[in-house]
Amino acid sequence: MTRPLVMGIVNVTPDSFSDGGRWFDPDAAVAHGRDLARQGADILDVGGESTRPGSRRPGEEEELDRVLPVVSALAGSGLRVSIDTMRASVAAAAIEAGAEIVNDVSGGLADPQMLPLVGRKGATYVAMHWRGHGDSMQQRAVYDDVVTDVCREMNERVEAALAAGIDPERLVLDPGLGFAKTAEHNWQLLAHLDAFSGLGYRVLVGASRKTFLGRLGGREEPVPPTARDAATAATSLLCAQAGVWAVRVHDVPSTLAALQVHEAVSAWTDEAAS
Ligand code: PMM
């Protein structure tokens, strides 16, 4: 398949910025995950911690209680599941319950046990660019040149991941849109995904419904998260053009349509080139 994979978001949280509370009940989360898969999601990303600035971190037990029944049910029905967590203990339990991918928004910085755990388990590992938890995050959105600085910091995470025994073939890098980034930083990173791919690893991008997409056209008051799916789909098309491995989205049909447009056009541009 030439198009990026679609990672559908299953947030089992009371407070995520876009869909907080909607799938907090485990049965509702499982049903939502199955819906996303039916719509064409290739991977389901199950998370129990909201990373929105100001949200309270759940305790370890609380996070496990949220995600494990959902991971077990989805993986048990043969779906490919990723666990969105910064905790090694949660990642370990989710792998045990059938998750194949660990999606760590801290790139191994939040929990020193995470990289060794993933190295031992041999799971696929998504390392996102991150500079700190919730409240302090936006104060850290200071860069000389965001593309160069993010690439350099990601290279450090790559070295740590490889030193911990993670197979380079199983490593995926994510520029972390919206995490210690202003809107301008997000746009610059999207404009230079080639620099990010140039690090030599698969790339995942999570632009879905983020605030910068709600402010298009110079709006001061952003449109609500659910009104950002067309803009999200447009970013998915940019990701396809840049050869990204996967896009993480809330709304699967709109992104899938954008990716199919790219695929259909690529068939003809590839033919012209050959
Ligand atoms: N963004 C969020 C959560 N997890 N994981 C990765 N790899 N990349 C992201 O950009 C990312 C993520 C925050 O969005 P949400 O609250 O809608 O899930």
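When a ligand or atom number is given, it counts from 1 through the structure's own listing order. When reading the values below, keep in mind they use all heavy atoms of this one structure, side chains included, and skip hydrogens, waters and symmetry mates. Positions are given from 1, in the same order as the sequence printed here.
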Where ligand 1 meets Asn11 - atom numbers and elements under 4.0 angstrom, heavy-atom basis: 15 (P), 16 (O), 17 (O), 18 (O)

Arg52 touching ligand 1 at heavy-atom level, < 4.0 angstrom: no

Which heavy atom in Gln138 sits nearest to a heavy atom in Gly178, and how many Å separate them? OE1-O, 3.4 Å

Considering both backbone and side-chain atoms of Ile9, is one of its nitrogen or oxygen atoms within less than 3.5 Å of a nitrogen or oxygen in ligand 1? no

Look up atom OG1 in Thr51 and atom CD in Glu49, then write down how far apart they are to the nearest 0.5 Å. 7.5 Å

Quick test: of every protein heavy atom, which one is nearest to atom 18 (O) of ligand 1, and how far off is it to 0.1 Å? Arg248 NH2, 2.8 Å

Looking only at heavy atoms, is any part of Val205 under 4.0 Å from ligand 1, and if so is it the side chain, the backbone, or both, or is it neither? neither

Per-atom contacts of ligand 1 with Leu204, taking only distances under 4.0 Å to non-hydrogen atoms: 7 (N)

Minimum-distance pair of heavy atoms, taken over all atoms of Val247 and Cys239: CG1-CB, 3.7 Å

Answer with yes or no whether Lys210 contacts ligand 1, where contact means a heavy atom under 4.0 Å from a ligand atom. yes

Find all atoms of ligand 1 within a distance of less than 4.0 Å from any non-hydrogen atom belonging to Val105, and give their numbers and elements. 4 (N), 5 (N), 12 (C)

Ligand-residue contact atoms, ligand 1 with Met128, heavy atoms, under 4.0 Å: 6 (C), 8 (N), 9 (C), 10 (O)

Pairs of nitrogen or oxygen atoms closer than 3.5 Å, one from Asp174 and one from ligand 1: do any exist? yes

With a heavy-atom distance limit of 4.0 Å, tell me whether Asp84 approaches ligand 1 through its side chain, its backbone, both, or neither. side chain

Report, in ascending order of atom number, the atoms of ligand 1 lying under 4.0 Å from any heavy atom of His250. 17 (O)

Below 4.0 angstrom from a heavy atom of Thr51, which ligand 1 atoms are there? Numbered from 1 as shown, please. 13 (C)

Ligand 1 to Asn103, heavy atom cutoff 4.0 Å, flagged ligand atoms 5 (N), 6 (C), 7 (N)

To the nearest 0.5 Å, tell me how far Asp229 CG sits from Arg209 CZ. 4.0 Å

